[in-house]
Amino acid sequence: MHRTPTSRRWPAAIRNQLEHWVIDADDHLDVAWRRLDARLGRGQPRHLAAYRGYADERGAELFGRVLAEKPLGGPEDDDTWWDNLLNTYRRFESDEVPGVGLRAHFRGASVDAVSDHEGYYTAALPLEPSSGAAPATDALWENATITLADGTLATAQPVMQVRADAGFGIISDIDDTVLQSSITDWKTAAQLTFLHNARTRKPLEGVAQLYQALQEGADRSGRHPVFYVSSSPWNLYDLLEDFMDLNAIPCGPIFLRDLGTDTGKFIKTEGHGHKLERARTLIQRFPTLRWVLLGDSGQADAELYAEAAREFGDRIAAIYIRDVDPGAESPLDLKVDSFIEKVAGTSVPMLRSRDSLAIADHAAGLGLIDRARIPAITAEVQRDRARPTPGEAATDEAATQVKEQVEASVDAATGAGKPGG
């Protein structure tokens, strides 16, 4: 007798009710902690984490977080795995401050904002001539200022200026697209996330030179804006920012995910659809630009970007999907190829690429980068290939730690056996 397989997923009504219970419980707990903090004089705003924003001739978009303590400084050369683990814990144990009044200033314009219940703030400043704002300079980056409502705690906030005549912009994933994360190998991915820092994490081969070439463009203007999207939590923002600075990867606004208990956050929504939503927002926000989309085969990037190609047509200049396992044809490759076939009926070129050199060669053919940049990209790909893989690096580090522990034990035992030991 044939039986229809029953779904193991919980009914939506039960799932939604459980989610609401969790959210309500978390909200009540947050209120109780805030009351305790207020009585003890804790939980006061002492740091404004001002993330990189962006602006055009119409307005600026700023966002960040209000924290009770300033995060630790950047990574040190001699940080151990234990230092990295503690720093990771501190990132996720951030003390956000809700309900804080703020004021943002940029080019003579200003606007008020209030941090939400998890400490995040957003500020949209109008910059049209009627707003009284000063015109943009020719620089790619300017600084806004974010302060508490009383003017204290003034913090510079970098703002990328997007010109209407830039031609095209870049939207890139981060994990396994820019940063080696081994997201398809959870053990290595966990080691890299929790036991490493911005100095010990590795970029994908040739990424820095490739992204510099894309930002520079074939016109060598250096005005092509770069945006980054990722499923990583906002708590890792400083690590990603340090990583890009240390590896000379062009900086740009970074959009991450909140791991709070709002609807769709605590109980994770399926897939990585927030990346597509962010891409949609940017594509619609800057209607004069075409877009280069970069992702990897390890997640849902091919599916999401194929949908963007269907929605926006020739406003998508190209789609590049990095092959996370270029040495073999895998089910991941077949899945990406199926979306490439779907996009083949559009005007959007979509490529599954093994490395930055393949992307650069294709992009040069489309007139997106200067072909004269390819030798530098080739040299960087070769240099990066000489670095150990994430798995090798994690194994080598574990072996080194075991060796050090054994040597310390031997030294202790030898010392104990000596006269006077």
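Start at 1 with the first residue, then count along the sequence. Owing to the predicted nature of the structure, the values given are computational and were not obtained by experimental measurement.
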**Prompt:** Is the backbone N or O of G99 less than 3.5 Å from a side-chain atom of S115, with the two atoms forming a donor-acceptor pair by type?
**Reply:** yes

**Item:** Residue pair H274 / S231, side-chain donor-acceptor N/O under 3.5 Å
**Value:** yes

**Request:** Mark yes when over 12 heavy atoms from residues, nucleotides or ligands other than R371 sit less than 6.0 Å from its CZ; otherwise mark no.
**Result:** yes

**Asked** Going from CG on L48 to OG1 on T155, what distance comes out if it is rounded to the nearest 0.5 angstrom?
**Response** 4.0 Å

**Message:** Are I316 and D314 packed together at the side-chain level, in the sense that at least one heavy-atom pair is separated by less than 4.5 angstrom?
**Reply:** no

**Message:** Quick one, L153 and T147 - any side-chain contact, counting heavy atoms below 4.5 Å?
**Reply:** no

**Asked** Roughly how far, to the nearest 0.5 Å, is the CD atom of E205 from the CZ atom of R354?
**Response** 8.5 Å

**Item:** Which atom of W141 lies closest to which atom of P253, heavy atoms considered
**Value:** CH2-CD, 4.2 Å

**Ring centre gap for F227 and Y54 strictly below 6.0 Å** = yes

**Asked** Got a donor-acceptor contact below 3.5 angstrom from the D333 side chain to the S330 backbone?
**Response** yes

**Request:** Quick one: pull up OG1 in T177 and OH in Y211 and give me the separation to the nearest 0.5 Å.
**Result:** 6.0 Å

**Prompt:** Do R315 side-chain atoms and R290 backbone N/O form a donor-acceptor pair below 3.5 Å?
**Reply:** no

**Message:** I'd like to know if the side chain of D384 and the backbone of G206 have a donor-acceptor N/O pair within less than 3.5 Å.
**Reply:** yes

**Message:** Please determine whether a side-chain nitrogen of the Lys or Arg among E57 and R107 lies less than 4.0 Å from a carboxylate oxygen of the Asp or Glu.
**Reply:** no

**Asked** Given side chains that start at C-beta, do those of N143 and P158 come closer than 4.5 Å, heavy atoms only?
**Response** yes

**Item:** Check: L289 and W291 side chains under 4.5 Å, non-hydrogen atoms
**Value:** yes

**Message:** Using the rule given for side-chain contact (heavy atoms from CB on, under 4.5 Å), can you reason through R373 versus Q212, listing the C-alpha separation, both sets of side-chain angles and the distance that settles it, and then say yes or no?
**Reply:** CA-CA 9 Å; R373 293 297 306 266; Q212 289 173 24; 3.7 Å; yes

**Prompt:** Is a side-chain N or O of Q157 found less than 3.5 angstrom from the main chain of T145, in a donor-acceptor match?
**Reply:** no

**Item:** Option among F63, W234, Y228 that satisfies the ring-ring contact (aromatic ring centres under 6.0 Å, His included) test with F255
**Value:** F63

**Request:** I would like to know whether S221 and E216 meet side-chain hydrogen bond (donor to acceptor under 3.5 Å, both in side chains); could you show each step before the answer?
**Result:** CA-CA 6 Å; S221 69; E216 188 177 77; over 6 Å; no

**Request:** Check step by step if salt bridge (charged side-chain N to carboxylate O under 4.0 Å, His left out) holds for D355 and R385.
**Result:** CA-CA 10 Å; D355 57 27; R385 280 179 179 166; 2.5 Å; yes

**Prompt:** Side chains of H362 and P349: does their closest heavy-atom pair fall under 4.5 Å?
**Reply:** yes

**Asked** Below 4.5 Å, heavy atoms only, C-beta onward: do V97 and Q44 meet side chain to side chain?
**Response** no

**Complete:** Sequence neighbours excluded, the answer for side chain to side chain donor-acceptor pair (under 3.5 Å) partners of E277 is R280

**Request:** Find the distance between CZ (R52) and CD1 (I254) and round it off to the nearest 0.5 Å.
**Result:** 6.0 Å

**Fill in**
In short, I146 meets L102 closest at the heavy-atom pair CD1-CB, 4.1 Å

**Asked** Donor-acceptor pair, Q161 side chain versus A139 backbone, under 3.5 Å?
**Response** yes

**Straight-line distance of L294 CG to I321 CD1, nearest 0.5 Å** = 8.0 Å

**Request:** Evaluate side-chain contact (heavy atoms from CB on, under 4.5 Å) for V100 paired with V114, printing each intermediate quantity in order.
**Result:** CA-CA 5 Å; V100 175; V114 178; over 6 Å; no

**Asked** Between H224 (side chain) and F168 (backbone), is there a donor-acceptor pair under 3.5 Å?
**Response** yes

**Rounded distance (nearest 0.5 Å) linking atom CZ of R103 with atom CG of D112** = 4.5 Å

**Shortest non-hydrogen contact between L127 and A133, atoms and distance** = CD2-CB, 3.7 Å

**Item:** side-chain contact (heavy atoms from CB on, under 4.5 Å) between I174 and M244, intermediate numbers included
**Value:** CA-CA 10 Å; I174 296 178; M244 290 179 185; 4.1 Å; yes

**Item:** Minimum heavy-atom distance S347-G313, with the two atoms named
**Value:** OG-C, 4.2 Å

**Item:** salt bridge (charged side-chain N to carboxylate O under 4.0 Å, His left out) partners of E303, counting only residues at least two apart
**Value:** none

**Request:** Determine yes or no for a side-chain-to-main-chain donor-acceptor pair under 3.5 angstrom, with T288 supplying the side chain and A164 the backbone.
**Result:** yes

**Request:** Kindly give the heavy-atom pair with the smallest separation between R352 and I340, and that separation in Å.
**Result:** N-CD1, 3.8 Å

**Item:** Under 3.5 Å donor-acceptor, R223 side chain and D138 backbone
**Value:** yes

**The single option from D173, D175, D296 passing salt bridge (charged side-chain N to carboxylate O under 4.0 Å, His left out) against K275** = D173

**Prompt:** How far apart are the C-alpha atoms of T122 and D116, what are their side-chain angles, what is the distance that settles it, and do they pass the side-chain contact (heavy atoms from CB on, under 4.5 Å) test?
**Reply:** CA-CA 9 Å; T122 59; D116 68 13; over 6 Å; no

**Item:** Within-4.5 Å side-chain heavy-atom neighbours: E118 and P98
**Value:** no

**Item:** Pairwise side-chain contact, Y237 with R65, heavy-atom cut-off 4.5 Å (strictly under)
**Value:** no

**Asked** Taking all atoms of both residues into account, what is the closest heavy-atom pair of A60 and F106, and its distance?
**Response** CB-CD2, 3.8 Å

**Item:** By salt bridge (charged side-chain N to carboxylate O under 4.0 Å, His left out) - contacts of D56 (at least two apart)
**Value:** R58, R285

**Item:** Donor-acceptor contact present, side-chain E307 to main-chain L276, <3.5 Å
**Value:** no

